[in-house]
Amino acid sequence: MKKLCESILAALLPPLLFFHSLLLHGTINVSNIKMEAITIKRITEAELAKELREQYIKNPLKSMTSDEVRDMSADDLLDMDYFLHEFDDLDDDDFGEEGFYIF
């Protein structure tokens with residue numbers, strides 16, 4: 001029994017010492033993926049409407065003029081921008097969700 005314990009210890013000791021030295025020196029790479037911190041700036045609807053208004057006044061849609069954009073309410077401007085970019089996410093096809101589809 002003593003020889004069995006000694007042989008198990010002899011087999012496990014080198015990997016354990018190697019792992020312990022890696023832990024102490026901090027050289028273990030768990031993953032090759034680089035993590036980036038993403039900071040999200042909170043913005044109010046009024047600030048967003050102001051930015052969108054400036055954007056659409058500088059570069060109005062083909063069907064609108066800068067004066068029409070200037071006269072739009074903040075809610076109308078936000079709604080317009082939402083519906084213009086509603087399906088921009090190509091990964092989300094919304095297929096099979098609520099709605100009526102004609103094929």
Side-chain angles (χ1 to χ4, degrees):
M1 181 72 169
K2 185 176 178 183
K3 288 190 179 206
L4 179 64
C5 291
E6 288 176 358
S7 64
I8 291 175
L9 183 62
L12 292 178
L13 190 60
L16 288 174
L17 289 175
F18 177 71
F19 183 72
H20 185 267
S21 68
L22 289 176
L23 282 176
L24 288 177
H25 298 293
T27 56
I28 294 177
N29 289 329
V30 176
S31 174
N32 290 333
I33 299 172
K34 292 184 179 180
M35 302 296 287
E36 295 181 16
I38 298 173
T39 55
I40 298 174
K41 178 186 170 193
R42 302 243 180 232
I43 186 169
T44 64
E45 285 185 0
E47 292 170 336
L48 179 59
K50 181 180 177 184
E51 289 179 13
L52 290 174
R53 189 179 311 279
E54 292 171 5
Q55 174 187 342
Y56 287 120
I57 287 174
K58 290 179 185 176
N59 192 12
L61 301 173
K62 292 180 182 179
S63 60
M64 300 186 80
T65 65
S66 297
D67 291 332
E68 290 175 325
V69 173
R70 193 174 288 115
D71 294 336
M72 288 176 75
S73 70
D75 287 336
D76 289 341
L77 194 62
L78 291 169
D79 288 343
M80 179 186 75
D81 186 67
Y82 172 79
F83 287 112
L84 284 172
H85 302 287
E86 181 178 13
F87 298 108
D88 282 355
D89 187 8
L90 298 176
D91 295 332
D92 184 21
D93 60 2
D94 289 333
F95 186 75
E97 292 188 12
E98 63 185 61
F100 183 75
Y101 300 97
I102 298 176
F103 297 108

Donor-acceptor contacts under 3.5 Å from residues 53-60 side chains, at least two apart:
residue : atom : partner : partner atom : Å
R53     : NH1  : V69     : O            : 2.9
R53     : NH1  : R70     : O            : 3.3
R53     : NH1  : M72     : O            : 2.8
R53     : NH2  : M72     : O            : 3.1
Y56     : OH   : D81     : OD1          : 2.6

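From L77, atom CG reaches atom NZ of K50 across 13.5 Å, with rounding to the nearest 0.5 Å.
One hydrophobic cluster, built from ILVMFWY side chains closer than 4.5 Å, holds both I43 and L78.
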